[in-house]
Amino acid sequence: MASTASPQEIRQQTSQWLRSLPTLFLQPLTIVRGYQRGYLRGDLIASFTLVVVLLPQAIAYALIAELPAQLGLYAAIVAGIVGALWGSSYHLHTGPTNTSALLILGGLTAVATPDTPEYILAAGVMAFWTGVLRLLMGVARLGLLVNFVSDSVVVGFTAGAGLLIMINQVRHLIRIDFVGTPSFFETFNRILANVSDLHPPSLAIGLLTIVLIIAFQKLTPKLPGALVAMMIATAVAYFLNPDNIGIIVLGELPRSLPPFTLTQLPLFDENLIREMAPSILAVALIGLIEAASISRAIAARSGQYLNSDQEFVGQGLANMAAGAFSGYPVAGSLTRSLVNYEAGARTQIAAALTAVWVLVAMLLFAPVAAYLPRTALAGLLIVTGTKMINYQEMARIWRTSLGDLFIMVTTFIATILLPLEFAVLVGVLISFARYIAKTSTPAVYSMLPDDEFAHFEHQPAKPECPQLAVITIMGSLYFGAAPHVEEAIRSHMDAHPEQKYLLLRMHRVNQCDISGIHMLETIVRLYRQKGGDLFMVGVNEAVWEKINLSDFDLFLGVSHFLDQETAIKHIFNQVLNPSICVYGCRIRAWKECQNLPKNTELERVPLVDLTPSEVELPHISPQELWERLNDDPAKQPLLIDVREPEEYAEGHLRPAKSRPLPSLFDGSTEPLPRNQDIIFICRSGRRSLQVTQAFIEQGYTRVYNLSGGMLGMELADLTYYSR
């Protein structure tokens, strides 16, 4: 939205931003300084629990991306430490994820062939620039941007990714040899074409792994079922001898620290960067959405306050580090983050310790991986793929929101049919489009009091006041929304042409730009052209600042910004045409008109002729009237009370005669004398003002209006009543 901040405010904001930058990079010091000895036990237990989950996942997710298994371990070690120490969430675990792995596969296969050095180097380049993009977003304080991407994008993409993972792992499950592809139908067709070449021993071990994982999850959910299933599959392969039965095994992993390969990466290869740019953007965006969503979900349970910008910085540095140390792009993992939280982690140190235990396990137990069957890992990933399809959440979206359902289904279909990076962008663009469409068409409701006159409600079935419209705007007045709001108000004006006054309730308007100001000015002109006016209540501080800076307050008039508690009373007593209230309206819309007499002989009153004149009419003040009533009796004016008989009976000036307003125009009473001063009286001085105008138009020269009416007499404490 447009900003009207002054140059001084911009300089102050820039200065504050520059001063806050170092804190984003000093997060490890903040963690260490705030660390307490009592946290250590919980962090240690959580790290031991988490490493059992992380080890098989790190290897398996690397294989989804068609990368060597050790790259998954390297990424888990390096990114796990950096993401934890520079992140904001106590429990978010950063490392290899299934969703990111599939996106990486789509991006890398577009520029290189799997199992080649170029493919591995491209993975490092992707990780580095993904990290740079996330880091820049964090430094620029753009953490709030992920809030504008619907969760339906993630649900739809994750479900589609689950199907892609499953179909891609079938070839490993049955040991069919062809190059992996992120295309669902291409992979499916290749499997059908080669299904006759399936390898029964590989299929048997893969199915055994799937059955074991599911059984452990059902029967002993606290046991690390995936790790135990992998160990059993490895033992089976070892005793049967992989060479004898012809199964493919992972092979021995290197027993070393993650190698530093930053200097070997073609980081500035223009052609490579250009070809991978959509994938880098998709990986960066989806990873940030996942990290933000996961950390928010767990923070809602833990009560932690999160800094989205700090989390962006942590995710950025983690990816840059992974790229520099032989890894590949990483993100936040929902499964591991939940395990971390439920295992009792107290701080980010738990996730950092987990990475250390992965390094220890790799150095000590790397030879064991030599007998880990590839089909067993395929079974693990197929089970993982089924879990990525969140049927419960999809059903919830189906029931809840048609817009979210459209985003979810579109993203799901795009994930199956399009290159993955474009599928993500399609979902994000639709999400943004829906947000823009929603914010650019805020609800504009006409309002009426409830039966107790305590609250305003939208009650389209109830008749509205013929003079005053009350409208609530349920959204910001920015350039995208202003035309819609203006159209809605114009439509209401066309539907109620007799309403000359408008009260805008601005409580739900949080922002307003110059387009919104121009729209408001147009509405004011429209009402003033028809002889009415516009008033406002509930203007918040941010909107008032724009109103003040744009001089709209002077254009409308400061007196037109009313207190919400007394706005209707003020407009009723000071603005609305009282003759219409009494003689032209049978609707009791406001609390103030409940006790107002309603004359049924409407046709007897020439309401059209009773519009207050713009010129000053003859009047007399309560003090002047009091003095004249106590002066020479021979000079007494004729006092005519134009109120209804029941109003007159409740209290009136003793000398005043009751001549209800209709009787002055219908010929039912004698004409008033033209050679005597006549003072017309009513409750507030407004009906009598109209009568005064009407008699002047008939040629009377000695008629006056009592300013303020009976209320004015009471206010001046000039009691001269008869009851």
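Just the heavy atoms: all of them, side chains too, but no hydrogens, waters or symmetry mates, feed the values below.
Closest of all the heavy-atom pairs between Gly160 and Thr415 is C-CG2, 3.7 Å. Scanning all heavy atoms of the two residues, the minimum distance from Ser476 to Ala481 falls at O-CB, 3.3 Å. Of all the heavy atoms in Thr439 and Ile436, the pair that sits closest is OG1-O, 3.2 Å. Considering all non-hydrogen atoms of both residues, Ala76 and Ala355 come closest at O-CB, 3.7 Å. Contact detail for Gly72 and Pro96: the closest heavy-atom pair is O-CG, 3.5 Å.
Screening residues 66-106 for ring-ring contact (aromatic ring centres under 6.0 Å, His included), with sequence neighbours left out, gives His91-Tyr341. Sequence neighbours left out, not one pair with a member in residues 75-85 passes side chain to side chain donor-acceptor pair (under 3.5 Å). Legend: ring-ring contact (aromatic ring centres under 6.0 Å, His included) pairs involving residues 254-289, not counting sequence neighbours, sorted by first then second residue: Trp129-Phe268, Phe260-Phe325.
A distance-only check finds a donor-acceptor pair linking the side chain of Arg255 to the backbone of Leu363 [under 3.5 Å]. Within the 3.5 Å criterion, the main-chain N or O of Leu24 finds a donor-acceptor partner in the side chain of Gln310. Between the side chain of Asp513 and the main chain of Phe479, a donor-acceptor pair closer than 3.5 Å is present. Remark: the backbone N or O of Thr97 is not paired with any side-chain donor or acceptor of Ser100 at under 3.5 angstrom.
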Using the side chain to side chain contact (heavy atoms under 4.5 Å, CB included) rule, take Leu306 and Ser89 through it: C-alpha gap first, then chi angles, then the decisive distance, then the call.
CA-CA 6 Å; Leu306 292 175; Ser89 172; 3.9 Å; yes

Leu377 vs Arg374, test: side chain to side chain contact (heavy atoms under 4.5 Å, CB included). Steps then yes/no.
CA-CA 5 Å; Leu377 287 168; Arg374 184 65 181 83; 3.9 Å; yes

Begin with the C-alpha distance, continue with both residues' side-chain angles, and end with the deciding distance and a verdict on side chain to side chain contact (heavy atoms under 4.5 Å, CB included) for Met137 and Leu288.
CA-CA 10 Å; Met137 292 183 70; Leu288 288 179; 3.6 Å; yes

Apply side-chain hydrogen bond (donor to acceptor under 3.5 Å, both in side chains) to residues Ser401 and Arg434 and explain how you reach the verdict.
CA-CA 12 Å; Ser401 170; Arg434 179 172 178 249; 3.2 Å; yes

Full working for side chain to side chain contact (heavy atoms under 4.5 Å, CB included) between Gln511 and Leu477:
CA-CA 6 Å; Gln511 294 291 335; Leu477 287 178; over 6 Å; no

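Tested against Ile64 for a side-chain contact (heavy atoms from CB on, under 4.5 Å), the candidates Asn168, Ile104, Ile165 yield a single pass: Ile165.
Here the NZ atom belonging to Lys546 is positioned 8.0 Å from the SG atom belonging to Cys512, to the nearest 0.5 angstrom. Rounding to the nearest 0.5 Å gives a distance of 9.5 Å between CD1 of Ile514 and CG of Leu549. In this structure, CZ in Phe128 is found 11.0 Å from CD1 in Ile280, a value given to the nearest 0.5 Å. With values rounded to the nearest 0.5 angstrom, Ser152 atom OG is found 5.5 Å from Ile407 atom CD1. For the atom pair OG1 (Thr94) and CD1 (Ile81), the distance works out to 12.0 Å, reported to the nearest 0.5 Å. To the nearest 0.5 Å, atom CE of residue Met126 and atom CG of residue Leu121 are 13.0 Å apart.
Inter-residue side-chain proximity for Ile77 and Leu257 is flagged as unmet; no heavy-atom pair is nearer than 4.5 Å. Counting only heavy atoms from C-beta outward, the side chains of Val139 and Phe312 never approach each other to under 4.5 Å. Side-chain atoms of Thr30 and Gln27, non-hydrogen and from C-beta on, do get closer than 4.5 Å to each other. Counting only heavy atoms from C-beta outward, the side chains of Leu380 and Pro56 approach each other to under 4.5 Å. Between Ile213 and Thr209 there is a side-chain heavy-atom pair separated by less than 4.5 Å. Residues Leu103 and Ser279 have side chains not in contact (no heavy-atom distance under 4.5 Å, counting atoms from C-beta outward). Counting heavy atoms from C-beta on, the side chains of Phe412 and Leu163 come closer than 4.5 Å. Residues Val153 and Met408 are not in side-chain contact: their nearest non-hydrogen atoms beyond the backbone lie 4.5 Å or more apart.
With sequence neighbours excluded, no residue forms a side-chain hydrogen bond (donor to acceptor under 3.5 Å, both in side chains) with Arg346. In terms of the salt bridge (Lys or Arg N to Asp or Glu O under 4.0 Å) criterion, Glu118 has no residue partners (sequence neighbours excluded). Applying the side-chain contact (heavy atoms from CB on, under 4.5 Å) test to Ala277 and every residue at least two apart in sequence or in another chain returns nothing. For Phe25, there are no ring-ring contact (aromatic ring centres under 6.0 Å, His included) partners at least two apart in sequence or on another chain. Taking Ser333 as the reference, nothing meets the side-chain hydrogen bond (donor to acceptor under 3.5 Å, both in side chains) condition, with sequence neighbours excluded. Taking the side-chain hydrogen bond (donor to acceptor under 3.5 Å, both in side chains) definition, one finds that Ser88 meets it with nothing, sequence neighbours left out. Residues that satisfy the ring-ring contact (aromatic ring centres under 6.0 Å, His included) test with Tyr39, not counting sequence neighbours, are Tyr35. Considering only residues two or more places apart in sequence or on other chains, Thr234 meets the side-chain hydrogen bond (donor to acceptor under 3.5 Å, both in side chains) condition with none of them.
Surrounding CG of Asp115 are at most 12 heavy atoms belonging to other residues, nucleotides or ligands under 6.0 Å away. Atom CZ of Phe406 has 12 or fewer neighbouring heavy atoms from other residues, nucleotides or ligands inside a 6.0 Å radius. For Phe48, the CZ atom is densely surrounded, since the number of other residues' heavy atoms within 6.0 Å is greater than 12.
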Sequence neighbours left out, cut at 3.5 Å: what donor-acceptor pairs do the side chains of residues 317-324 make with other protein atoms?
| from | atom 1 | to | atom 2 | distance (Å) |
| --- | --- | --- | --- | --- |
| Asn319 | OD1 | Val330 | N | 2.9 |
| Asn319 | ND2 | Gln315 | O | 2.9 |
| Asn319 | ND2 | Val330 | O | 3.3 |

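A donor-acceptor pair shorter than 3.5 Å cannot be found between the side chains of Thr116 and Thr113.
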